[in-house]
Amino acid sequence: MLAAPVIASARPETTSAAKNAAHSEKPLDAPTRENVAKLLHPLAAGSRLARWTIVQIDPVVNGCVSIKVRTDDGHTFDLELLARDRTALAQRPPAETERHAIFVVNGGNGWATTQEELGLAAMTLAQIVAKNEREVRLSGLLTHAERIENHGDALLVPAEGPG
């Protein structure tokens with residue numbers, strides 16, 4: 001006998017605990033530099049993130065927080081902190097927390113392979129964000145798809161072609 005699988009997430013929670021949790025959730029915090037700093041605490045420019053150094057943390061711009069990171073051999077790369085997208089077709093970043101997604105800026109289109117070292121930095125940053133996101137609910141962050149939709153002309157570099 002075959003039975004259809006039960007998909008619990010297809011139906012919203014109706015228990016009193018779920019309703020209380022939804023009503024007791026902290027309101028969104030303004031996307032100020034101070035609140036970005038709280039979300040990323042104890043990180044700041046010049047601090048160490050495991051084997052990497054934080055060079056710069058930008059405020060929320062175009063729906064994301066950009067974090068410039070330097071390796072010990074002097075190479076720099078950027079990580080982007082965005083809102084997590086739970087839709088089925090969303091781009092999957094190297095690291096996610098309950099509320100956030102951390103992407104590596106590698107010039108890819110979502111299908112490019114992320115270098116392991118950069119992905120590890122994203123995962124390490126996610127551990128810090130996960131510890132702080134219960135206390136800081138930053139407004140102004142977009143999902144990857146929303147960011148491309150709303151700011152794609154500022155983010156996407158057109159491919160060079162003939163002519």
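Hydrogens, waters and symmetry mates play no part in the numbers below; they use all other heavy atoms, side chains included.
- Taking both residues in full, the closest heavy atoms of Ala122 and Ala95 are given as O-CB, 3.4 Å, listed atom of the first, atom of the second, then distance.
- Counting only distance, with no hydrogens or angles, the side chain of Gln91 and the backbone of His144 share no donor-acceptor pair below 3.5 Å.
- Transitive grouping of hydrophobic side chains (ILVMFWY, heavy atoms separated by less than 4.5 Å) brings Ile57 and Met123 into a common cluster.
- To the nearest 0.5 Å, atoms CZ (Arg70) and CD (Gln56) are separated by 11.5 Å.
- Remark: Ala145 engages Asp85, Thr143 in a side-chain contact (heavy atoms from CB on, under 4.5 Å) (not counting sequence neighbours).
- A pairwise comparison of heavy atoms in Leu138 and Pro31 identifies CD1-CA, 3.7 Å as the closest pair.
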Exercise for review: Could you please spell out the steps behind the side chain to side chain contact (heavy atoms under 4.5 Å, CB included) verdict for Val69 and Ile54?
Suggested key: CA-CA 5 Å; Val69 182; Ile54 301 298; 4.2 Å; yes
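- Taken from CG in Asp78 to SG in Cys64, the straight-line distance is 9.0 Å, to the nearest 0.5 Å.
- Here Ala121 pairs with Trp52, Phe77, Leu79 under the side-chain contact (heavy atoms from CB on, under 4.5 Å) rule; sequence neighbours left out.
- Taking CD1 of Ile128 as the reference point, atom OG1 of Thr97 lies at 12.5 Å (rounded to 0.5 Å).
- Cluster membership for Leu118 and Leu120, using ILVMFWY side-chain heavy atoms within less than 4.5 angstrom, is shared.
- Alongside Phe103, the hydrophobic cluster contains Leu82 (criterion: ILVMFWY side chains under 4.5 Å).
- Residues that satisfy the side-chain hydrogen bond (donor to acceptor under 3.5 Å, both in side chains) test with Arg33, not counting sequence neighbours, are absent from this structure.
- Contacts classified as salt bridge (charged side-chain N to carboxylate O under 4.0 Å, His left out) and involving residues 42-52 (residues at least two apart or in different chains) are given here: Arg48-Asp72, Arg51-Glu117.
- With hydrophobic clusters built from ILVMFWY side chains whose heavy atoms lie under 4.5 angstrom apart, Ile148 does not share a cluster with Leu141.
- Counting only distance, with no hydrogens or angles, the side chain of Ser139 and the backbone of Asp29 share a donor-acceptor pair below 3.5 Å.
- Between Glu133 and His100 the shortest heavy-atom distance is OE1-ND1, 2.7 Å.
- Between Ile102 and Ile67, the closest side-chain pair of non-hydrogen atoms is not below 4.5 Å.
- By the 4.5 Å heavy-atom criterion applied to side chains, Asn62 and Arg147 are counted as neighbours.
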Side chains of residues 35-45: which donor-acceptor partners sit under 3.5 Å, not counting sequence neighbours?
| residue | atom | partner | partner atom | Å |
| --- | --- | --- | --- | --- |
| Asn35 | ND2 | Ala30 | O | 2.8 |
| Asn35 | ND2 | Thr32 | OG1 | 3.4 |

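- For the pair His151/Leu142, a side-chain contact is recorded, criterion being any heavy-atom separation below 4.5 Å from C-beta on.
- Counted within 6.0 Å of CD on Glu146, heavy atoms from surrounding residues, nucleotides or ligands total more than 12; the atom is thus considered enclosed.
- Minimum interatomic distance between Thr124 and Ala50 (heavy atoms only, all atoms of both residues): CG2-CB, 4.0 Å.
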